[in-house]
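What you are looking at is a predicted structure, and each value in this text was computed from that prediction instead of being measured. In what follows, chains carry the letters A, B, and so on, assigned in the order in which the sequence lines appear, proteins first and then strands, with residues in each chain numbered from 1.
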There are 2 protein chains.
Amino acid sequence: MDEIDEIREFNRFYTRELGLLARSSLGSGLGTGEVRVLYELQHGGPWVARDLAQRLALDEGYLSRVLKGFERRGWIERRPDAGDARRRGIALTPAGAAAMAPLEDATRAEIAARLERLDPDARAGLLAGAAAVRRAFGDPDLPEPPLRFTDLAPGDAGWIISRHGALYARDEGYDQTFEALVAGIVADFIRTRDPDRGRAWIARAGQDRLGCIFCVRETDEVAQLRLFLLEPAARGRGLGRRMLDLCLGFAREAGYRRMVLWTHESHRAACALYAAAGFSMTGETPAVAFGQAVVDQTWERDL
Amino acid sequence: MDEIDEIREFNRFYTRELGLLARSSLGSGLGTGEVRVLYELQHGGPWVARDLAQRLALDEGYLSRVLKGFERRGWIERRPDAGDARRRGIALTPAGAAAMAPLEDATRAEIAARLERLDPDARAGLLAGAAAVRRAFGDPDLPEPPLRFTDLAPGDAGWIISRHGALYARDEGYDQTFEALVAGIVADFIRTRDPDRGRAWIARAGQDRLGCIFCVRETDEVAQLRLFLLEPAARGRGLGRRMLDLCLGFAREAGYRRMVLWTHESHRAACALYAAAGFSMTGETPAVAFGQAVVDQTWERDL
DNA sequence: CAAGACACTTGATCCCGTCAAGTATTTTGC
DNA sequence: GCAAAATACTTGACGGGATCAAGTGTCTTG
C-alpha cells in the first residue's frame with residue numbers, strides 16, 4: 001500500500017461518492033455532461049466553447065450539440081466575439097438560470113443530507129481534507145482564505161512551541177531541550193506580559209496557522225523581537241516582511257527606541273529579511289546550542 | 001460560499017481530476033464500468049453479483065452483461081454458492097488478473113506522473129487530505145493506521161501544550177495562563193527528566209497524535225500521573241485505559257510504591273477511568289483556577 | 001405450501017459520447 | 001502577400017454504455 005495505491009483507493013471511493021450524489025440530477029432529464037456545462041456557465045461567466053470543452057474534457061462535437069440544445073431552449077445566448085469571428089461568447093440567460101434553479105436546489109439538498117449525517121468534527125475534517133486535496137493539486141479555483149494576524153488564542157502557545165521544536169529539529173538538528181526553552185519563553189510571556197509593552201501575533205489563513213512573531217520588553221527603551229517563525233509552505237510570499245513590519249510598528253507606538261534580536265547565521269532567509277527591514281548585525285559569536293555548533297548573531301535597528 | 005458550496009466545488013474539481021486519470025484505461029478497450037468491476041474483483045475477493053452492483057451503483061442488468069463478457073473471455077470464474085443456488089461466487093481467474101495487469105500499470109503510471117509534478121509537501125498534504133475525507137465520510141475500507149505509543153519527538157511537547165490549552169479553554173473555560181502552566185510543566189519535564197523515573201507517551205495513529213500521558217517522580221516512593229489527555233475523536237474506544245495501564249506498568253517497574261494524580265470533579269469520564277483502574281479519591285477541595293470555579297480532586301492507588 | 005422476496009438474466013431501447021469529415025476564419029511560414 | 005496550417009466550431013455517422021422492464025429459477029415467510 002504505497003502512495004499510488006492510496007490515491008487509487010481514494011479515487012475509487014470518491015467515484016462511488018460522486019455516483020451517489022449524481023442521483024440528484026436524475027429528475028431534471030439532463031445528463032451529467034449537460035449539468036456540468038450548465039454549472040460552469042453559471043459560475044464562470046462568458047465562455048468560449050473550446051475552453052469549456054477543454055476544462056470539462058468533453059468532446060467538442062458533443063459539446064456543440066449540447067449547446068445547440070440549450071440555445072434552442074433559450075437557456076444560453078451566443079454573441080460573436082469582437083475580433084475573432086470564429087469564436088462566440090456563451091452566457092447563461094435568465095431563463096437558463098431559472099431552469100437550473102431546481103437542479104441547483106436538488107444537488108444542494110443532496111449534499112446537505114449527506115453532511116447532516118456527519119458530526120461536526122467529521123464535517124470540519126471533511127472540508128479541511130477537501131481543501132487540502134485541492135491545494136495539493138494546485139487548483140487555481142481554490143479561494144485563498146484571508147490572511148489574519150491575531151493575538152494568542154487557546155492552543156496558539158503550544159503551536160508556536162511545537163513548530164519551533166519540529167522545524168528546528170528538522171532543519172538544524174536541535175534536540176528536545178530547544179523545544180523546552182521555547183516553552184519556557186512562551187509561558188513566561190503569557191504570565192508576565194504587559195499589553196502595552198509586549199505583543200504576539202499569529203498569522204492565520206482560515207483555520208491554518210502560518211507563523212508567529214513576538215515583541216517583548218528588554219528595557220524601557222529596547223524591545224526584543226523573538227520567536228519569529230514562518231511555516232515553510234508560507235515562505236517566499238512577503239508574509240515575513242509584513243509580520244516584521246507589524247512588530248516594528250507596535251514597538252514604535254509602544255515608545256521603544258531600539259529593537260534587537262538574536263538569530264543564527266544559518267538562517268539566511270531570515271537574516272536577509274532583517275537586513276532589508278533596516279536591521280544591522282552587531283555581533284557574532286560561535287556557540288554550541290542544543291547539540292549543534294552554531295554562530296549566534298545579534299541584530300538591531302533604531303525605531 | 002458555505003459548506004455545501006465547498007463540497008460542490010470539490011466534487012466538480014475532483015470530477016475533472018478523475019476524468020484526466022481515466023484516460024489511462026483508454027487503450028484497454030474497456031469502459032469505466034468494466035474497469036471498476038475488474039478492480040473490485042481483484043481487490044475484494046469473491047463477490048456476489050448483487051453486492052457488486054450495489055457497491056458500484058451499477059444496474060444489475062448491465063453488470064450481468066459485463067460479467068458475461070468477462071466469463072466469455074475467461075477472465076472470471078463463477079462457482080455456485082453452497083447453500084443458495086441463486087447466487088454465484090465471482091472470482092478473477094489468473095487469466096483475468098493477467099489481462100488487467102497492463103491496465104493496472106497504466107493507471108499506476110498515470111497517477112505516478114501526476115504525483116511527480118507535486119513537491120513532497122504537497123504530496124503529503126494530498127495523502128493526508130484524501131485520508132481525512134475518507135475518514136470523515138466513514139469509509140469502512142480506510143485502513144486504520146496502527147496505534148503506536150512513542151516517547152516525545154520534536155513537536156510533541158508543543159502539541160501537548162496546544163491541545164491542553166485548546167481543549168480546556170473549550171470545555172472548561174480556562175484562560176491562557178493554563179496553557180502557560182502546562183508549558184512550564186512540560187518544559188520542566190524535558191529539562192529534568194530521569195529516564196528511569198519519568199516517562200511520557202504520545203499515542204499516535206499514522207501521522208496523527210491522539211493523546212498523551214506522563215509519569216513523573218514525586219518522591220522516591222510516589223509517582224505522579226500528569227498531563228493525561230485524549231483527543232475527543234479518540235475517546236470511548238478503550239485507548240485511555242491502555243495509556244493508563246502503560247503508565248501504571250512503568251511506575252511499577254520503576255520501583256514506585258504508589259501513584260497519585262490531580263484532576264477536577266468535572267472530568268467525569270476521566271474520573272470513571274481512574275476509578276476503574278483502581279484509583280480512589282483521597283481529597284476534594286473547591287478552588288478557583290484559570291478564571292473558573294472548580295473542585296480539585298486528588299486520587300491515588302498502590303502499585 | 002402458496003405468496004412474496006431475492007438473485008440473477010434477457011430483451012428492447014435510447015441517447016451519450018466518440019471519431020471523422022466539413023466549413024469558415026485566423027495565424028503562420030516562406 | 002499568399003498558400004498552408006492551425007483554430008473554432010458544426011455536422012454526420014455510429015457503436016455500445018446504460019436503463020427500464022419483464023422473465024426465470026430459487027429461497028424465505030406466514
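Contact check of residues 52-60 of chain A against DNA chain C (heavy atom, cut-off under 4.0 Å) returns D59(A).
The aromatic rings of Y14(B) and F10(A) sit perpendicular to each other, their planes meeting at more than 60°, with 30° as the lower class boundary.
You can see that DNA chain D meets the heavy atoms of chain B within a 4.0 Å-exclusive cut from dG17(D) to dC27(D), reading 5' to 3'. Boundaries of the chain A contact region on DNA chain C are dC16(C) to dT26(C), first to last in 5' to 3' order (nucleotide atom under 4.0 Å from a heavy atom).
With sequence neighbours left out, L246(A) forms a side-chain contact (heavy atoms from CB on, under 4.5 Å) with F149(A), W201(A). For R170(A), the salt bridge (Lys or Arg N to Asp or Glu O under 4.0 Å) test picks out no residue, with sequence neighbours left out. In this structure, the side-chain contact (heavy atoms from CB on, under 4.5 Å) partners of D81(B), at least two apart in sequence or on a different chain, are D84(B), R87(B). Scanning for side-chain hydrogen bond (donor to acceptor under 3.5 Å, both in side chains) contacts around Q54(B) gives an empty result, with sequence neighbours left out. Every residue two or more places apart in sequence or in another chain that forms a side-chain contact (heavy atoms from CB on, under 4.5 Å) with H43(A) is listed here: Y39(A), E104(A). Every residue meeting the side-chain contact (heavy atoms from CB on, under 4.5 Å) condition with P145(B), not counting sequence neighbours, appears here in chain and number order: A205(B).
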Determine, step by step, whether E77(B) and R79(B) satisfy the salt bridge (charged side-chain N to carboxylate O under 4.0 Å, His left out) criterion, reporting the C-alpha distance in whole Å, the side-chain angles of both residues, the deciding distance to 0.1 Å, and the verdict.
CA-CA 6 Å; E77(B) 226 175 25; R79(B) 48 188 57 207; 3.6 Å; yes
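With respect to the salt-bridge test (charged N to carboxylate O, under 4.0 angstrom), the residues R134(B) and D141(B) do not qualify. Ionic pairing of R241(B) and D245(B) is present here: one or more N-O contacts between side-chain nitrogen and carboxylate oxygen are shorter than 4.0 angstrom. Between R65(A) and D59(A) there is no salt bridge, since none of the side-chain N atoms of the basic residue sits less than 4.0 Å from a carboxylate O of the acidic one.
Position along DNA chain C of the nearest nucleotide to L30(A) versus G61(B) favours G61(B) as the more 5'-ward residue. Mapping R86(B) and G83(A) onto DNA chain C via the closest heavy atom, the residue that lands nearer the 5' end is R86(B).
Sequence neighbours left out, the pairs with a member in residues 25-50 of chain B that pass salt bridge (charged side-chain N to carboxylate O under 4.0 Å, His left out) are R12(A)-E40(B), E34(B)-R73(B), E40(B)-R55(B), R50(B)-E60(B).
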Could you tabulate the donor-acceptor pairs under 3.5 Å formed by side-chain atoms of residues 113-121 of chain A, not counting sequence neighbours?
| unit_1 | atom_1 | unit_2 | atom_2 | d |
| --- | --- | --- | --- | --- |
| R114(A) | NE | E17(A) | OE2 | 2.5 |
| R114(A) | NH2 | E17(A) | OE1 | 3.4 |
| R114(A) | NH2 | E17(A) | OE2 | 3.0 |
| D119(A) | OD2 | D121(A) | N | 3.3 |
| D119(A) | OD2 | A122(A) | N | 3.3 |

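Each end of the helix from dC1(C)-dG30(D) to dC30(C)-dG1(D) gets its own axis, taken as the rotation carrying the C1' atoms of four end pairs onto the next four within a five-pair window, and the two axes meet at 30° to the nearest 10 degrees.
Contact annotation for R65(B): base contact, defined as any heavy-atom pair under 4.0 Å involving a base atom.
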